[in-house]
Structure formats: C-alpha cells, structure tokens
Amino acid sequence: MALQHWADTLRKAKKTALLSDGKRKVHYLFEDGDEMAEEYDLKTDQLVLRKWRHKSTFGGQGQWIVEAGETNPNGVTSDLIKESSSNPLFMRKDTKTSFQWRIRNIPYPVEVYSVSAEPAERCCVIRTSNKKYYKKFSIPDLDRCQLPLESAALSFTHANNTLIISYKKPKEILELEQELLGELKKLKGTSEGDIDCKTQ
C-alpha cells in the first residue's frame, strides 16, 4: 500500500530539528538523497512551509521547490527585480483539516469561477468564464500516498480579491499527519544559539 510506503519512508529518513522564531524546523534526508524541509508553528502545530530539493541529474544538489507555504511573501526576488503586486499570486496554505490554496489579486465575482477535480489527470483545475485565469495543480500529498482525488472534497470561496480553494483531507492523511507530528515532537530540537559549530 502506497500510504504505508510513504509512512515508512518518513520514518526511515534522517531527521534534524531546530526550534527558531516560534517554529519547529525539520529537515529530512531520504535514502535516495532527496531532501524535504518543513516548518511548523510551535503554538498551533500548523504546517507553515514545506519545500523539497531533489538530486540533480549529475548527483549535485538542485534548487529548493516550495510545495506549501510562502517563502517570499513580498514577491521580491532580488534588489532589482520585483513581481508586480497586481499579478495573481498562487500559493498553498493548509489548515488542520484541509489542503488549501489561495490566489490573491484575482478580483472577479465568485460566479465567474469554476473549480473542478480531474481524477484521470490527478489534478484540480481553476477556470474563469471570462477566460482571464486558468490553472491546473496537483495535490502531491495524495499522489505520494496514491489516494484518489474526490470531487466532493473540493470547495471554494472568494473574498477580498482572493480565491480560496479547499480540499478536505482524507482520514488516512489526517492520521498520518497526527502520527508524524507525534514523532516530530519527540525529536530533540536545538535552539538557534545551541548549535555546536566545529572550527577547522
């Protein structure tokens, strides 16, 4: 079963924890060399950020790819280049019970939007009837566990120029997250000032 395989992969990964800025930061190093970094809010145990880094074709380290959360809230990529603040901004920000995506700067009335699950393609699709916005996105958590994509679990709302799409987490995912959180809390996390740096 794929869910059990993913749970075992998480258990076998080498984990390092750091407590900093009100967050539990956990780094996973998997047997295949891939890395995952997660940040959880210490007060709510809410996932704030998840990013992945895969080995490159030649065995080097690739770039970090954000799966959930926001690493750069202001859109600034360097001192010289800044994303337009009026462009639609797509990001994932989960809740305890739902996978959730927010698209900011998308001002159309709620009746313009159509959000659907495409189980055959293993993705969700956002369309607007005025043909101003179209987006396909997958739910990697479901893919890793090979759980089905259910149309009934998908819902959306619109407020303050932001489209909010929610996908209710299946019970298997909720159970896995609870089990993982219990294990992460057992990890001995160092505080930022406690890191033992060896001099050469």
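Quick caveat, the model's predicted, so the values are computed rather than measured.
Under the salt bridge (Lys or Arg N to Asp or Glu O under 4.0 Å) criterion, Asp32 pairs with no residue, sequence neighbours left out. For the side-chain contact (heavy atoms from CB on, under 4.5 Å) test, residues two or more places apart in sequence or in another chain that qualify with Pro140 are Glu67, Arg92, Ser138, Arg144. Scored by the side-chain hydrogen bond (donor to acceptor under 3.5 Å, both in side chains) test, Glu38 finds Tyr28, Tyr40, Arg50 as partners (sequence neighbours excluded).
For the pair Ile164 and Arg102, the tightest heavy-atom approach, listed with the atom from each and the gap, is CD1-NH1, 3.7 Å. Between Arg127 and Ser116 the shortest heavy-atom distance is NH1-OG, 3.5 Å.
Residue Met36 is grouped with residue Leu180 when hydrophobic side chains (ILVMFWY) are merged at heavy-atom distances under 4.5 angstrom, including chains of intermediate members.
Side-chain atoms of Pro109 and His158, non-hydrogen and from C-beta on, never get closer than 4.5 Å to each other.
Around CG of Asn160, the count of heavy atoms belonging to other residues, nucleotides or ligands within 6.0 Å does not exceed 12. Counting heavy-atom neighbours within 6.0 Å of Glu111 CD, excluding the residue itself, gives a total above 12.
Salt bridge absent: Glu39 and Arg24 never bring a charged side-chain N and a carboxylate O closer than 4.0 Å. Looking at Lys55 and Glu35, no side-chain N of the basic residue comes within less than 4.0 Å of a carboxylate O on the acidic one, giving no salt bridge.
Although no hydrogens or angles enter the test, the distance criterion places no donor-acceptor pair under 3.5 Å between the side chain of Lys51 and the main chain of Gly69. Remark: the backbone N or O of Ala13 is paired with a side-chain donor or acceptor of Lys15 at under 3.5 angstrom. Counting only distance, with no hydrogens or angles, the side chain of Asp41 and the backbone of Lys43 share a donor-acceptor pair below 3.5 Å.
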Name each donor-acceptor pair under 3.5 Å that joins a side chain in residues 129-137 to protein atoms two or more places apart or in another chain, with its distance.
residue : atom : partner : partner atom : Å
Asn130  : OD1  : Thr128  : OG1          : 2.8
Asn130  : OD1  : Lys132  : N            : 3.1
Lys136  : NZ   : Glu121  : OE1          : 2.6

Could you pull out all donor-acceptor pairs under 3.5 Å where a side-chain atom in residues 148-157 meets a protein atom, sequence neighbours excluded?
none

Check the pair Gln100 / Ser166 against side chain to side chain donor-acceptor pair (under 3.5 Å), numbers first and verdict last. CA-CA 4 Å; Gln100 196 172 81; Ser166 298; 3.0 Å; yes
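Apart from Leu174 itself, the hydrophobic cluster it occupies contains nothing, where clustering links Ile, Leu, Val, Met, Phe, Trp and Tyr at side-chain heavy-atom distances under 4.5 Å.
Using a 30° and 60° split on the angle between ring planes, Trp101 and Phe99 fall in the tilted class, from 30° to 60°.
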